[in-house]
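The structure appears below as structure tokens.
Side chains are part of it too, since the values below use all heavy atoms of this structure and drop only hydrogens, waters and symmetry mates.
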Amino acid sequence: MSLWTMVIKMATGLERTCAIFFLTVLFSLPLGMIVALLRMSKNKVVSGVTRFVISVLRGTPLMLQLLAVTYGPYYLFGLTVSKNKLIPVVIAFSINYAAYFAEIYRGGIESIAKGQYEAAEVLGYSKTQTFIRIILPQVIKRIMPSVTNEVVTLVKDTSMAFTVSYQEMFTIGKEIANSQTSFMPFIVAGVFYFVFNAIVDFAMGKVEKKLNYYQ
């Protein structure tokens, strides 16, 4: 198999890799905020349960979570495995990354001085208005480097979808490597991931630079 044919075949899986990436970002970022607010709840039961869930998600391998979400319903309840494996893959990725984003959000929120809440209260802002208009913009600005780091990691983690035989780029590359007894597909995959990461890093850097409006 020529190098060009190899690249073309692997490029067909790039669309699925991108789908995992963009859908995970789309769902995990807002879900992470919800989880962070539950984690910071004054209700000790809610806070404790959320903290435990976050610990489990961060303390177990993403690979295991992919297998659990994809095949768990079959083993536990006898339900059929989803024919479109993108669905369980995105669910597993979104839940996993939401746990990491939740802790990043929490750190950002807790870094805001209490005086800002008090000042907003004096100005007549409700708690919701204070959070959305005053606190959240500052939090986003502070957490951008950490979010960028997680998003870059996500690009590489999309390769984990091979554990449930989802035909994304790395899975196709692995199949070609086995059939051709060649290491070249892994080199091609490495180049793909490097370029993808470079684009993501550049885009996130632009956003981060825009948020540094006082510099």
Side-chain angles (χ1 to χ4, degrees), residues 10 12-41 45-107 143 146-178 183 185-186 188-190 192-194 196-197 200:
M10 291 179 67
T12 59
L14 184 60
E15 182 181 343
R16 294 182 176 184
T17 296
C18 290
I20 296 171
F21 174 79
F22 287 112
L23 288 173
T24 299
V25 171
L26 179 66
F27 293 124
S28 64
L29 283 172
L31 180 59
M33 177 58 73
I34 294 171
V35 175
L37 294 175
L38 291 173
R39 170 71 176 81
M40 298 172 68
S41 171
V45 175
V46 173
S47 177
V49 170
T50 307
R51 184 176 183 178
F52 174 74
V53 171
I54 291 174
S55 296
V56 170
L57 291 172
R58 294 176 71 196
T60 56
L62 174 57
M63 190 181 296
L64 178 61
Q65 293 167 30
L66 278 165
L67 292 169
V69 174
T70 305
Y71 301 114
Y74 172 76
Y75 288 112
L76 293 173
F77 309 109
L79 301 176
T80 56
V81 177
S82 176
K83 291 182 179 179
N84 182 2
K85 287 187 179 175
L86 177 62
I87 296 172
V89 165
V90 170
I91 290 173
F93 269 93
S94 298
I95 293 173
N96 179 272
Y97 271 82
Y100 287 93
F101 285 134
E103 289 300 280
I104 292 172
Y105 287 136
R106 184 174 68 87
I143 67 174
S146 298
V147 170
T148 298
N149 185 57
E150 287 299 321
V151 172
V152 167
T153 301
L154 172 60
V155 174
K156 295 174 286 185
D157 278 353
T158 56
S159 62
M160 294 253 186
F162 87 91
T163 57
V164 292
S165 302
Y166 184 66
Q167 294 290 310
E168 44 72 60
M169 184 183 63
F170 183 78
T171 306
I172 294 173
K174 189 170 177 287
E175 289 175 354
I176 295 173
N178 290 336
F183 191 75
F186 296 118
V188 174
F192 270 125
Y193 285 120
F194 178 78
F196 196 171
N197 254 329
V200 170

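- With rounding to the nearest 0.5 angstrom, the CE atom of Met10 is 8.5 Å from the CZ atom of Phe186.
- Taking Tyr97 as the reference, Asp157 meet the side-chain hydrogen bond (donor to acceptor under 3.5 Å, both in side chains) condition, with sequence neighbours excluded.
- Under the side chain to side chain contact (heavy atoms under 4.5 Å, CB included) criterion, Ser41 pairs with Asn43, Val46, not counting sequence neighbours.
- A side-chain N or O of Thr171 and one of Glu168 form a donor-acceptor pair less than 3.5 Å apart.
- Under the 3.5 Å distance criterion, the side-chain polar atoms of Ser94 are left unmatched by any main-chain donor or acceptor of Ile91.
- Residues Ala161 and Val89 approach most closely at CB-CG1, 4.2 Å, considering heavy atoms.
- Remark: Gln65 engages Thr60, Asn96 in a side-chain hydrogen bond (donor to acceptor under 3.5 Å, both in side chains) (not counting sequence neighbours).
- For Arg16, the salt bridge (Lys or Arg N to Asp or Glu O under 4.0 Å) test picks out no residue, with sequence neighbours left out.
- Residue Gly173 comes nearest to Pro185 through the heavy atom pair O-CB, 3.2 Å, listed as atom of the first residue, atom of the second, then distance.
- Contact detail for Ala102 and Ile54: the closest heavy-atom pair is CB-CD1, 4.3 Å.
- When Met169, Glu175, Lys174, Gln167 are each tested for a side-chain contact (heavy atoms from CB on, under 4.5 Å) with Phe162, only one passes: Lys174.
- Residues Thr17 and Phe196 have side chains in contact (heavy-atom distance under 4.5 Å, counting atoms from C-beta outward).
- For the residue pair Phe93 and Thr158, the shortest heavy atom distance occurs at CZ-CA, 3.8 Å.
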Could you list the donor-acceptor pairs under 3.5 angstrom formed by side chains in residues 19-40, with sequence neighbours left out?
unit_1: Thr24; atom_1: OG1; unit_2: Ile20; atom_2: O; d: 2.6
unit_1: Ser28; atom_1: OG; unit_2: Thr24; atom_2: O; d: 2.5

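- Residue pairs satisfying the side chain to side chain donor-acceptor pair (under 3.5 Å) criterion with at least one member in residues 69-79, sequence neighbours excluded, are listed as follows: Tyr71-Lys85.
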